[in-house]
Protein chains: 2
Amino acid sequence: MATTTAAQRREQARHAYDAFMRDCPTNQLLGRLSDKWVSLVVAALSGGPRRYSDLRRKIAGVSPKMLTQTLRTLERDGILTRAVTPSVPVRVDYELTPLGRSLAGLLTAVKDWAEEHIEEVHAARERYGAEEAAAG
Amino acid sequence: MATTTAAQRREQARHAYDAFMRDCPTNQLLGRLSDKWVSLVVAALSGGPRRYSDLRRKIAGVSPKMLTQTLRTLERDGILTRAVTPSVPVRVDYELTPLGRSLAGLLTAVKDWAEEHIEEVHAARERYGAEEAAAG
DNA sequence: GGTAACTACTTACCAGAAGATACCAACTCT
DNA sequence: AGAGTTGGTATCTTCTGGTAAGTAGTTACC
């Protein structure tokens with residue numbers, strides 16, 4: 001009976017690592033995931049594969065440097081795949097892996113939260129500013 | 001019949017804003033939420049109110065500068081409240097607002113994902129490194 | 001009475017990361 | 001021949017985050 005189910009192993013993993021610890025590798029991983037460009041790239045790819053220039057147009061304001069950098073680290077971490085088609089001109093497609101798709105739901109949820117609650121946040125900022133002025 | 005339900009207004013809000021746009025305020029908000037310290041602070045407070053030094057101990061490796069900065073912006077944005085008790089020595093409690101609690105679930109989900117999938121990410125990095133060496 | 005400790009910060013400094021911009025090579029289209 | 005497409009580098013400047021030290025107000029200790 002030395003069998004361990006996938007659920008048990010997941011439960012073990014949850015307790016073996018703690019992102020609150022500075023030297024825990026999950027702390028570093030959380031730092032990578034907590035990135036605006038990561039959120040936007042993963043959200044953009046959640047609808048299906050996209051090309052480099054396609055992502056550049058979709059994610060307004062991203063510089064080629066940051067887009068390439070973000071895509072490379074996400075590829076390295078197994079979140080997405082990079083497929084080069086040696087046509088003319090060359091064509092590069094990016095697509096989420098199953099691992100990436102499991103993450104996409106969570107990151108798009110945060111993005112959607114921002115879109116849904118921006119007005120409450122703005123209202124809070126105005127209240128904060130008013131209190132500051134009254135107190136100052 | 002000019003009535004609009006809360007659900008309808010939420011739906012409108014979802015379409016009025018687009019975090020992919022550089023100049024959309026939600027893009028900026030997403031940038032604030034996509035922060036390691038924000039994730040850790042909100043996750044730490046999701047279990048109930050905590051004091052400053054309590055947070056400092058819980059979130060290993062955070063500097064007083066970043067902790068204060070993070071707490072101030074989250075207070076300004078209506079995610080948490082700051083309550084000063086003028087005892088001796090002074091005591092400051094931080095607590096999530098209802099808005100903050102609605103966000104906490106999403107951010108702790110990302111943190112939990114990191115803890116659960118760190119080994120898959122490590123495996124992907126090793127594969128990537130091996131391919132690089134073979135190709136290089 | 002001096003000084004060490006506790007609280008919750010603030011400030012100054014600097015390395016490294018992020019961002020904007022320009023440029024590249026290869027090819028097609030007009 | 002000149003402009004436009006592709007998927008990026010290279011470079012320069014600005015900004016952010018980490019480190020380390022200082023601050024204020026009170027109390028406990030010797």
Side-chain angles (χ1 to χ4, degrees), chain A residues 19-24 27-41 44-45 49-76 80-95 132 135-136, chain B residues 19-24 27-41 44-45 49-76 80-95 132 135-136:
Chain A
F20 285 117
M21 296 294 146
R22 179 184 17 198
D23 297 327
C24 183
N27 185 288
Q28 203 184 23
L29 177 58
L30 182 61
R32 294 231 142 271
L33 300 179
S34 299
D35 181 291
K36 188 174 76 165
W37 300 127
V38 168
S39 289
L40 292 174
V41 163
L45 289 175
R50 278 176 182 273
R51 301 175 57 179
Y52 182 89
S53 53
D54 193 14
L55 286 168
R56 230 183 123 174
R57 275 185 295 268
K58 173 86 176 170
I59 305 169
V62 68
S63 68
K65 175 190 164 185
M66 288 311 296
L67 183 54
T68 300
Q69 204 175 98
T70 303
L71 289 167
R72 285 292 141 80
T73 59
L74 289 177
E75 183 199 2
R76 188 196 55 161
L80 52 81
T81 57
R82 178 173 181 270
V84 182
T85 307
S87 60
V88 168
V90 66
R91 174 194 173 113
V92 182
D93 286 274
Y94 293 94
E95 186 172 11
E132 284 293 283
Chain B
F20 285 116
M21 295 294 145
R22 177 181 23 196
D23 298 328
C24 183
N27 185 288
Q28 203 184 23
L29 178 58
L30 182 60
R32 295 230 144 272
L33 300 179
S34 299
D35 181 291
K36 186 174 77 166
W37 300 126
V38 167
S39 289
L40 291 175
V41 164
L45 289 174
R50 278 175 183 273
R51 300 174 56 182
Y52 182 88
S53 53
D54 193 15
L55 286 169
R56 237 189 115 171
R57 276 185 295 269
K58 173 86 177 169
I59 305 170
V62 68
S63 65
K65 174 189 164 186
M66 285 313 295
L67 183 54
T68 301
Q69 204 176 98
T70 304
L71 289 167
R72 284 292 141 79
T73 58
L74 289 177
E75 184 198 2
R76 188 196 54 162
L80 52 79
T81 56
R82 178 174 181 269
V84 182
T85 307
S87 61
V88 168
V90 68
R91 174 196 173 114
V92 182
D93 286 274
Y94 294 94
E95 185 172 12
E132 285 293 284

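The figures here come from the full heavy-atom set of this structure, side chains too, leaving out hydrogens, waters and symmetry mates. Below, chain A is the first sequence line, B the second, and so on; all start at residue 1.
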Peer 1: Measure the distance from CD1 on B/I59 to P on D/dG18 and round it to the nearest whole Å.
Peer 2: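 It works out to 12 Å between those atoms.
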Peer 1: Nearest to the A/M66 side chain among D/dG8, C/dA18, D/dT19, which nucleotide is it?
Peer 2: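 Given the options D/dG8, C/dA18, D/dT19, the side chain of A/M66 is closest to C/dA18.
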Peer 1: Within the structure, does a side-chain N or O atom of B/S53 lie under 4.0 Å from either OP1 or OP2 of C/dA8?
Peer 2: yes
Peer 1: Starting at atom CG of A/L67, determine the distance to atom C1' of C/dA18, rounded to an integer number of angstrom.
Peer 2: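 The answer, rounded to whole Å, is 14 Å.
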Peer 1: Does B/G61 reach a base, just sugar-phosphate, or nothing at all? Heavy atoms under 4.0 Å.
Peer 2: nothing
Peer 1: With the side chain of B/V92 defined as its heavy atoms from C-beta on, choose the nearest nucleotide among D/dG25, C/dC9, C/dC27.
Peer 2: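 Selected nucleotide: C/dC9.
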Peer 1: Round to a whole Å and report the spacing from CG of B/L71 to P of C/dT10.
Peer 2: 11 Å
Peer 1: Rounded to the Å, how far apart are A/Q69 CD and D/dT9 P?
Peer 2: 11 Å
Peer 1: Taking only side-chain N and O atoms of A/R72, does any of them lie within less than 4.0 angstrom of OP1 or OP2 on D/dT9?
Peer 2: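 Checking A/R72 against D/dT9: at least one side-chain N or O falls below 4.0 Å of OP1 or OP2.
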Peer 1: Starting at CZ of A/R56 and ending at P of C/dT21, how long is that distance when rounded to a whole Å?
Peer 2: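 The answer, rounded to whole Å, is 12 Å.
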Peer 1: In whole Å, what is the span from the CZ atom of A/R91 to the P atom of C/dA25?
Peer 2: 25 Å
Peer 1: Give a yes or no answer on whether the side chain of B/T73 reaches the backbone of B/T70 with a donor-acceptor pair at less than 3.5 Å.
Peer 2: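 Between the backbone of B/T70 and the side chain of B/T73 there is a qualifying donor-acceptor contact (under 3.5 Å).
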Peer 1: Rounding to an integer number of Å, can you tell me how far A/L55 CG sits from D/dG7 P?
Peer 2: 9 Å
Peer 1: Check this one for me: any side-chain N or O of B/Y94 less than 4.0 Å away from OP1 or OP2 of C/dA8?
Peer 2: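 No, no such contact exists.
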Peer 1: Starting from the 5' end of DNA chain D, give me the residue, A/P64 or A/R51, whose nearest nucleotide shows up first.
Peer 2: A/R51
Peer 1: From the options C/dA18, D/dG18, C/dC9, select the nucleotide whose nearest atom is closest to the side chain of B/W37.
Peer 2: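 So the side chain of B/W37 is nearest to D/dG18.
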Peer 1: Treating A/R82 as the side-chain partner and A/E75 as the backbone partner, does any N or O pair qualify as donor plus acceptor under 3.5 Å?
Peer 2: no
Peer 1: Using a cut-off of 6.0 Å, state whether more than 12 heavy atoms not belonging to A/R32 lie near its atom CZ.
Peer 2: no
Peer 1: Looking only at heavy atoms, what is the nearest atom pair of B/R22 and A/A60, with distance?
Peer 2: CB-O, 3.6 Å
Peer 1: Please tell me which of A/P89 and A/D35 maps to the more 5' nucleotide of DNA chain C, matching each residue to the nucleotide holding its nearest heavy atom.
Peer 2: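 Taking each residue's closest nucleotide, the earlier one in sequence belongs to A/D35.
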Peer 1: Compare the minimum distances between each of C/dT10, C/dA18, C/dT21 and the side chain of B/T68, then state the nucleotide with the smallest one.
Peer 2: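 Minimum distance to the B/T68 side chain belongs to C/dT10.
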Peer 1: Where do B/V41 and B/L74 come nearest, in terms of heavy atoms and distance?
Peer 2: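 Closest heavy-atom pair between B/V41 and B/L74: CG1-CD1, 3.9 Å.
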Peer 1: For a quick test of reading the model: is some side-chain N or O of A/R82 closer than 4.0 Å to OP1 or OP2 of D/dG7?
Peer 2: no
Peer 1: From NZ of B/K36 over to P of C/dA18, roughly how many Å is that when rounded to an integer?
Peer 2: 13 Å
Peer 1: On DNA chain D, check which nucleotide each of B/K65 and A/D93 is closest to and give me the residue with the more 5' one.
Peer 2: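 Checking each residue's closest nucleotide, the 5'-ward one belongs to A/D93.
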